[in-house]
Enquirer: 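Supplied in structure tokens, the structure appears directly below.
Letters A, B, ... are given to chains in the order of the sequence lines, protein chains preceding strands, and every chain is numbered from 1. What's counted below: heavy atoms across the whole structure, side chains too, no hydrogens, waters or symmetry copies. All of these numbers come straight from a predicted model, not from anything done at the bench.
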There are 2 protein chains.
Amino acid sequence: MGARRLHTVGEVATLAGVTVRTLHYYDRVGLLVPSGRSEGGYRLYAYGDLERLREIRLLRELGFSLAAIGRLLDVAAHDKRSALKAQRDLLVERLERTERIIRGVDRALNATEEGQEMDETEMFEGLEEFDHKRYEAEVEQRWGDSEAYKESKRRTSRYGKADWARIKKEGDAVVRRLAELLARGVRADDREAMDLAEEHRRHIDRWFYPCSPGMHRQVAALYTADTRFEAYFEKHGAGLAGFFQAAIRANEVRSTG
Amino acid sequence: MGARRLHTVGEVATLAGVTVRTLHYYDRVGLLVPSGRSEGGYRLYAYGDLERLREIRLLRELGFSLAAIGRLLDVAAHDKRSALKAQRDLLVERLERTERIIRGVDRALNATEEGQEMDETEMFEGLEEFDHKRYEAEVEQRWGDSEAYKESKRRTSRYGKADWARIKKEGDAVVRRLAELLARGVRADDREAMDLAEEHRRHIDRWFYPCSPGMHRQVAALYTADTRFEAYFEKHGAGLAGFFQAAIRANEVRSTG
DNA sequence: CCTTGACCCTGACGCGACGTTAGGCCCTAC
DNA sequence: GTAGGGCCTAACGTCGCGTCAGGGTCAAGG
């Protein structure tokens with residue numbers, strides 16, 4: 001595979017319908033780094049790079065930020081097929097969304113026809129409830145592991161307010177104790193740190209979805225790549241996000257041998 | 001109409017699903033100026049403002065720039081119904097576009113299923129050919145006067161390369177002579193300037209679509225509001241765009257009495 | 001072998017459409 | 001009358017590029 005010709009930026013740009021500058025930018029931010037360089041420093045794109053670019057453009061068209069796209073493609077890197085399927089699902093969602101908006105416009109047309117005014121709350125239907133941040137987060141979860149996502153939904157839907165408070169307290173406690181370890185200079189592959197990682201894994205496993213040590217690592221990768229989560233961790237101590245991830249990895253090695 | 005309650009920014013924001021900051025911004029750039037202010041300086045939005053906001057959000061969702069939206073809504077201000085219809089058309093176009101992309105993803109899925117690689121040129125189908133600038137311009141024309149647009153399409157489709165060269169030369173000559181007038185300090189309502197404007201109008205009328213002096217003014221307004229056209233004019237002389245517009249207006253007054 | 005012209009490189013600044021403080025006024029409710 | 005929630009303007013930050021500026025690369029032709 002990939003035995004085809006390599007392409008220069010300009011060629012890729014015209015192929016994909018983007019500008020050269022865009023490809024430069026994707027390179028700089030690490031979203032699409034060409035798999036080779038010529039002797040003179042020219043970027044050289046292989047077939048796989050083109051595939052990745054197509055997915056990037058598709059997700060951009062759907063409104064995702066470049067950061068989100070990077071995370072999505074990383075998580076789904078091992079399985080092209082399910083990535084494509086997920087993209088298909090998103091496109092179908094957009095199809096339905098567009099249809100809803102059209103129906104809204106039709107209602108508006110009817111209203112003006114009859115000389116009436118539309119209800120103000122009804123006016124923005126279809127347009128209104130699109131919280132992009134929430135949507136990105138949800139998609140990332142689903143993308144990461146759709147089974148885990150569904151299971152999580154099933155369980156959490158049954159929790160009450162008191163449950164949530166308890167769960168949150170439990171989770172926060174782990175983070176706090178982890179911060180203490182970091183402050184004391186304990187290493188991430190120390191038993192204390194690994195124990196805490198294990199405790200966190202069980203926390204997820206118990207309250208949200210079945211979570212093996214391997215799955216735990218994947219989830220952690222997703223979290224620490226997310227700036228929102230990173231901010232949360234960093235507030236409890238500088239470098240805590242990375243420390244946490246390392247502890248989880250060490251715990252995985254320990255438990256799987 | 002509009003006898004309902006007036007709304008503050010926050011209310012409008014939650015109704016429409018945008019942030020307060022967005023409304024502030026739309027106000028500052030003149031895209032959506034609330035129709036009233038309270039004694040204390042609070043923005044107050046009436047029902048008509050909400051309608052306009054809905055159209056803005058819809059066109060934004062379709063990818064138009066705020067500048068383009070402003071022009072579109074101004075041009076279509078007199079006729080709500082045809083504006084809504086045009087929006088509907090755009091939404092249907094997007095529906096079709098999304099369907100095309102889905103078919104592309106399906107082809108990619110088939111290819112991976114059979115372990116084949118897709119053709120590189122085929123890979124970006126549906127995604128590729130979306131020149132946003134061209135699209136905006138075209139939509140603006142269509143929006144401004146769909147009859148003129150269709151007529152223009154009909155005629156220009158029959159022109160050959162030689163025709164185009166001649167037409168362009170003719171158009172450029174007018175601009176050049178106009179620049180000379182401006183350099184000589186001639187006023188825009190001077191006969192020389194008005195004659196040139198009239199010549200330009202006939203140029204359009206002959207080669208593109210029937211163009212009355214009133215239509216000519218509208219078109220000129222559209223052009224000079226467009227930064228690309230403005231850049232073109234300014235290259236031939238500072239202030240030429242405005243001078244041109246003024247000359248056209250003067251010519252209209254002269255010919256309609 | 002040298003030149004020419006198309007293409008590529010790395011900065012660096014600019015811009016549209018907001019997000020995000022910062023500091024202060026308004027206004028309703030208790 | 002004061003507390004707190006909402007509003008104001010001003011100003012800087014961010015993302016995803018567009019657009020030069022200054023200079024190296026590369027294939028073709030003389």
Enquirer: Check each of I69(B), L31(B), V33(B), V18(B) against Y26(B) using the side-chain contact (heavy atoms from CB on, under 4.5 Å) test, and report the only one that passes.
Expert: L31(B)

Enquirer: For dC8(C), does OP1 or OP2 lie under 4.0 Å from any side-chain N or O of T8(A)?
Expert: yes

Enquirer: Does a side-chain N or O from R43(A) land closer than 4.0 Å to OP1 or OP2 of dC9(C), or not?
Expert: yes

Enquirer: Give the nucleotide from the list dA17(C), dC8(C), dC12(D) with an atom nearest to the side chain of L66(B).
Expert: dA17(C)

Enquirer: Take atom CG of L23(A) and atom C1' of dG18(D), then tell me their distance rounded to the nearest Å.
Expert: 14 Å

Enquirer: Got a sec, which residues hit side-chain hydrogen bond (donor to acceptor under 3.5 Å, both in side chains) with R103(B), two or more places apart in sequence or on another chain?
Expert: none

Enquirer: Just to be sure I understand the rule, does V20(A) reach a base, reach only the sugar-phosphate, or reach nothing, if contact means heavy atoms closer than 4.0 Å?
Expert: nothing

Enquirer: If you define the side chain from C-beta out and look only at heavy atoms, does anything of L109(A) sit under 4.5 Å from K85(B)?
Expert: yes

Enquirer: Counting distance alone, no hydrogens or angles: does the base of dC7(C) have a donor or acceptor under 3.5 Å from a partner atom on the side chain of Y42(A)?
Expert: yes

Enquirer: Are E51(B) and L84(B) packed together at the side-chain level, in the sense that at least one heavy-atom pair is separated by less than 4.5 angstrom?
Expert: no

Enquirer: Output the distance between atom CD (Q87(A)) and atom CD1 (I101(B)), rounded to the nearest 0.5 Å.
Expert: 11.0 Å

Enquirer: Any donor and acceptor pair, going by atom type alone, linking the side chain of R60(B) with main-chain N or O of F64(B) inside 3.5 Å?
Expert: yes

Enquirer: OP1, OP2 of dG19(C) versus side-chain N and O of T22(B): anything below 4.0 Å?
Expert: yes

Enquirer: To the nearest angstrom, how far is L32(A) atom CG from dG16(D) atom C1'?
Expert: 15 Å

Enquirer: Can you tell me how far CZ of R94(A) sits from CG of L95(B), rounded to the nearest 0.5 angstrom?
Expert: 9.5 Å

Enquirer: Are any non-hydrogen side-chain atoms of H200(B) and L178(B) less than 4.5 angstrom apart?
Expert: no

Enquirer: Using C1' atoms of five pairs at each end, report the bend of the helix from dC1(C)-dG30(D) to dC30(C)-dG1(D) rounded to 10 degrees.
Expert: 10°

Enquirer: R21(A) side chain: which of dC7(D), dA17(C), dC13(C) is closest?
Expert: dC13(C)

Enquirer: Return the value, rounded to whole Å, for the distance between atom CZ of R37(A) and atom P of dC8(C).
Expert: 12 Å

Enquirer: Would you say S38(A) reaches dT25(D)'s phosphate, i.e. side-chain N/O to OP1/OP2 under 4.0 Å?
Expert: no

Enquirer: Grab the OH-C1' distance between Y45(A) and dC7(C) for me, whole Å please.
Expert: 14 Å

Enquirer: Whole angstroms only, please: what is the CD-P distance between E39(B) and dT28(C)?
Expert: 11 Å

Enquirer: Would you kindly give the CD1-to-P distance between I69(A) and dC17(D), to the nearest whole Å?
Expert: 9 Å

Enquirer: So which of residues 24-31 of chain A are in contact with DNA chain D, with a heavy-atom cut-off of under 4.0 Å?
Expert: Y25(A), Y26(A)

Enquirer: Donor-acceptor pair, D49(A) side chain versus S35(A) backbone, under 3.5 Å?
Expert: yes

Enquirer: Looking at R37(A) and D27(A), does any basic side-chain N land under 4.0 Å from a carboxylate oxygen?
Expert: yes

Enquirer: Hey, which of these two, G40(A) or T19(A), hits DNA chain D nearer its 5' end, going by closest nucleotide?
Expert: T19(A)

